[in-house]
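As the structure is a computational prediction, the values presented were derived from the model and not from experiment. What you see below is based on every heavy atom in this structure, not just the backbone, and it leaves out hydrogens, waters and symmetry mates. Throughout, numbering of the chain's residues begins at 1 and tracks the sequence.
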Amino acid sequence: MPAILRSLQKPEAQGFSKYLASQTTPSTVLGIDGKPLGQVVEVDLKRLNATGERIVRGLHFVETKLPAPPAAQIRVASIPGVTASEPKAMIQQFALLYSMCTDHRAKAVGDAFNYLAAFHQDFSVWLLILYDEFAWAVTITQF
């Protein structure tokens with residue numbers, strides 16, 4: 001069983017599991033018998049990106065021992081289903097920003113979460129990867 005499914009079975013994940021279940025609808029793809037082939041979940045991008053922002057704010061503090069500046073502009077792009085065929089423009093932009101930085105860091109938390117962070121005088125870039133299935137690309141621009 002994938003780690004993400006195991007984590008949803010934990011007692012402390014009960015509320016989130018119920019939330020996910022409430023967001024499911026029957027698939028529009030029908031089987032030969034005319035019935036939906038399964039359930040689908042509509043992604044709440046606002047909630048997803050807000051989660052990415054909260055995570056990166058915490059990691060910013062872990063890495064720099066300082067909170068992200070209150071006036072900082074934080075841009076978050078969620079990337080479901082991480083694959084090698086991600087939108088090239090996004091990956092190229094991340095790579096360009098990453099290469100402009102002199103301070104590069106990479107960390108992992110077990111097999112479930114890892115991240116890259118790179119720091120420049122005016123900005124930082126982050127790539128957060130969850131369960132090797134989902135990612136957030138984040139920039140923090142200092143003002």
Side-chain angles (χ1 to χ4, degrees), residues 1-31 35-143:
M1 178 182 297
I4 193 166
L5 294 178
R6 286 194 310 271
S7 69
L8 289 172
Q9 294 176 343
K10 294 180 180 179
E12 59 270 21
Q14 188 176 23
F16 185 64
S17 294
K18 286 180 181 177
Y19 166 77
L20 282 179
S22 75
Q23 299 299 306
T24 63
T25 58
S27 170
T28 57
V29 178
L30 305 178
K35 294 181 181 176
L37 285 178
Q39 299 286 316
V40 295
V41 177
E42 289 298 320
V43 177
D44 183 346
L45 285 178
K46 185 176 178 182
R47 181 179 175 142
L48 212 51
N49 288 342
T51 299
E53 181 177 339
R54 281 192 297 278
I55 293 170
V56 87
R57 282 182 179 278
L59 291 174
H60 184 277
F61 185 82
V62 167
E63 293 293 338
T64 66
K65 307 298 184 244
L66 296 168
Q73 183 176 24
I74 300 176
R75 295 184 183 147
V76 181
S78 49
I79 310 167
V82 178
T83 67
S85 64
E86 291 309 321
K88 289 183 181 180
M90 181 186 298
I91 298 302
Q92 288 171 339
Q93 185 66 28
F94 178 83
L96 175 64
L97 292 171
Y98 190 83
S99 70
M100 293 170 62
C101 299
T102 55
D103 182 0
H104 299 107
R105 304 174 192 188
K107 303 238 173 112
V109 178
D111 294 334
F113 181 77
N114 52 62
Y115 66 94
L116 297 173
F119 298 88
H120 183 275
Q121 176 181 331
D122 301 321
F123 63 88
S124 60
V125 294
W126 302 77
L127 183 63
L128 318 174
I129 303 173
L130 182 63
Y131 294 112
D132 290 331
E133 295 289 333
F134 185 86
W136 289 274
V138 181
T139 60
I140 301 176
T141 306
Q142 315 294 341
F143 288 102

| What is the distance from atom CG of Asp122 to atom SG of Cys101, rounded to the nearest 0.5 Å? | 10.0 Å

| Parallel, tilted or perpendicular: rings of His60 and Trp126 (30°, 60°) | tilted

| remark: Heavy atoms of Arg105 and Thr64 approach each other most closely as NH1-N, 4.4 Å

| task | Classify the ring geometry between His120 and Phe123 as parallel (under 30°), tilted (30 to 60°) or perpendicular (over 60°). | result | parallel

| Non-hydrogen side-chain atoms of Asn114 and Asp132 separated by less than 4.5 Å | yes

| Are side-chain heavy atoms of Thr139 and Ser124 found at a separation under 4.5 Å? | no

| Under 4.5 Å between any side-chain heavy atoms of Ile55 and Leu128, yes or no? | yes

| query | For Ser27 and Leu37, which heavy atoms make the closest approach, and how far apart are they? | reply | CB-N, 4.3 Å

| Separation between CD of Gln93 and CG of Leu97, rounded to the nearest 0.5 Å | 4.5 Å

| Do Gln23 and Tyr19 have side-chain heavy atoms sitting under 4.5 Å apart? | yes

| note | Between the CH2 atom in Trp136 and the CG atom in Asn49, the distance rounded to the nearest 0.5 Å is 9.0 Å

| message | Ignoring hydrogens, what is the shortest heavy-atom contact between Ala106 and Leu116? Give both atom names and the distance. | response | CB-CD2, 3.6 Å

| said: If you count heavy atoms of other groups shown closer than 6.0 angstrom to CD of Gln39, is the number above 12? | reply: yes

| request: Can you establish whether the number of heavy atoms outside Glu12 located under 6.0 Å from its atom CD is more than 12? | output: yes

| Closest contact, heavy atoms only, Ala117 versus Tyr98 | O-CE1, 4.2 Å

| field | OG on Ser17 to CD on Gln9, rounded to 0.5 Å | value | 8.5 Å

| Do you know which two heavy atoms are closest between Tyr115 and Leu59, and how far apart they sit? | CE2-CD2, 3.6 Å

| field | For the student: nearest non-hydrogen atoms of Pro26 and Val40, plus distance | value | O-CG2, 4.2 Å

